[in-house]
Amino acid sequence: ADRFRHAGIYSPAAAEVFLGAKLALTVGLPVVVVAAYWLAAGPTAGRLATAGVVAVGVGVVAPGLWLDHRRNKYQGALRRGLPDALDLLVLCVEGGGSLTAAVNRVTEDLDAVHPPLAGEMRIVQREMQMGLSPGAAFKRFGERCGLDDVRDLASVLLQSERYGAGVAKALKAHADGCRVERQQRAEEMAQKASVKILFPTLLC
């Protein structure tokens with residue numbers, strides 16, 4: 001269940017659909033591959049068996065790889081949008097609004113720029129309307145998406161609520177830290193890209 005939530009899949013039937021697709025690929029893909037291989041080349045029984053085994057392996061592994069790819073893509077989208085959301089929250093809170101009103105405003109503004117994050121913020125918004133404190137709502141957000149950045153934000157808000165510290169200052173400090181981390185990740189990706197480009201360049 002956590003793997004689906006981390007990928008942004010909240011449908012109650014997600015697990016059943018996933019297992020059904022995995023079973024269909026595990027059973028159906030070998031049949032299709034062996035039939036196509038037989039009609040195309042008429043190979044020996046040993047080659048047909050090998051093709052069937054490989055197809056079974058692909059059918060078993062492919063759904064999990066897809067889910068991992070979906071999770072990484074979804075978490076990456078949330079991670080990229082979080083510093084912008086924090087900046088907007090800081091502006092709203094420093095302007096004199098409450099954190100609840102700031103969450104409502106930021107959710108609307110993020111919808112066009114960071115849709116995945118806006119969707120998660122809507123869940124946070126509803127949970128706050130149901131009576132959860134902002135810190136508790138963001139803590140559930142962090143558990144739901146599996147991101148340390150959101151867990152850290154929830155810890156900052158919970159400490160601010162517990163000790164009565166200024167929310168604006170705490171959010172601003174955390175936003176600065178997130179921005180530095182995003183810049184470091186971008187620099188790391190740029191360094192990795194230069195290394196990856198080196199081998200095709202030498203080959204060509």
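Computation of the quantities below employed the complete heavy-atom set of this structure, encompassing side-chain atoms and omitting hydrogens, waters and symmetry-equivalent molecules.
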Exercise. Measure across L110 and A85 and return the closest heavy-atom pair with its distance rounded to 0.1 Å.
Key: CD1-CB, 3.6 Å
Quiz item: What's the shortest heavy-atom distance between I9 and A14, and which atoms?
Solution: CG2-CB, 3.6 Å
Quiz prompt | Heavy-atom pair with the smallest gap, counting every atom of D84 and H114 | solution = OD2-NE2, 3.0 Å
Quiz item: What distance do R126 atom CZ and T107 atom OG1 have between them, rounded to the nearest 0.5 Å?
Solution: 10.0 Å
Quiz item: Are any non-hydrogen side-chain atoms of R144 and V150 less than 4.5 angstrom apart?
Solution: no
Quiz item: Any idea which heavy atoms bring G52 and P30 closest together, and the distance?
Solution: O-CB, 3.9 Å
Quiz item: Roughly how far, to the nearest 0.5 Å, is CZ of R80 from CG of L117?
Solution: 11.0 Å
Quiz item: Is there a path from F18 to L23 through hydrophobic residues (I, L, V, M, F, W, Y) whose side chains come within less than 4.5 Å of each other?
Solution: no
Quiz item: Taking everything shown except R140 itself, do over 12 heavy atoms lie less than 6.0 Å from its CZ?
Solution: no
Quiz item: Is a donor on one side and an acceptor on the other found under 3.5 Å between the side chain of S160 and the backbone of V156?
Solution: no
Quiz item: Is there a donor-acceptor pair closer than 3.5 Å between any side-chain N or O of R71 and the backbone N or O of H6?
Solution: no
Quiz prompt | Single-linkage hydrophobic cluster V60~L19, side-chain heavy atoms < 4.5 angstrom | solution = no
Quiz item: Got more than 12 heavy atoms from elsewhere within 6.0 Å of CZ, R105?
Solution: no
Quiz item: Linking I/L/V/M/F/W/Y whenever any side-chain heavy atoms sit under 4.5 Å apart, do M121 and M128 land together?
Solution: yes
Quiz item: For the side chain of Q75 and the backbone of C145, is there at least one donor-acceptor N/O pair under 3.5 Å apart?
Solution: yes
Quiz item: Checking side-chain contact (heavy atoms from CB on, under 4.5 Å) for the pair L89/V103: CA distance, chi angles, key distance, verdict?
Solution: CA-CA 7 Å; L89 285 174; V103 170; 4.1 Å; yes
Practice problem: Treating Ile, Leu, Val, Met, Phe, Trp and Tyr as nodes and any side-chain heavy-atom pair under 4.5 angstrom as an edge, say whether L88 and V124 lie in one connected cluster. | Solution: yes
Self-check item: Test side-chain contact (heavy atoms from CB on, under 4.5 Å) applied to L157 and L99, step by step
Solution: CA-CA 10 Å; L157 293 176; L99 186 55; 3.9 Å; yes
Exercise. Tell me whether V32 is reachable from V54 by hopping between hydrophobic residues (I, L, V, M, F, W, Y) whose side-chain heavy atoms are closer than 4.5 Å.
Key: no
Exercise. Would you give the length of the straight line joining atom CG of L25 to atom CH2 of W66, rounded to the nearest 0.5 angstrom?
Key: 11.5 Å
Quiz prompt | L147 side chain near F141 side chain, heavy-atom distance below 4.5 Å | solution = no
Self-check item: Spacing of OH belonging to Y10 relative to CD belonging to E120, to within rounding of 0.5 Å
Solution: 3.0 Å
Self-check item: CG on D149 to CZ on R151, rounded to 0.5 Å
Solution: 10.0 Å
Quiz prompt | From R122 atom CZ to E108 atom CD, the distance as rounded to the nearest 0.5 Å | solution = 9.0 Å
Quiz item: Applying the side chain to side chain contact (heavy atoms under 4.5 Å, CB included) test to F138, which of L158, L132, L153, D152 qualifies?
Solution: L153
Self-check item: Distance-minimising heavy-atom pair for L29 and G59
Solution: CD2-N, 4.1 Å
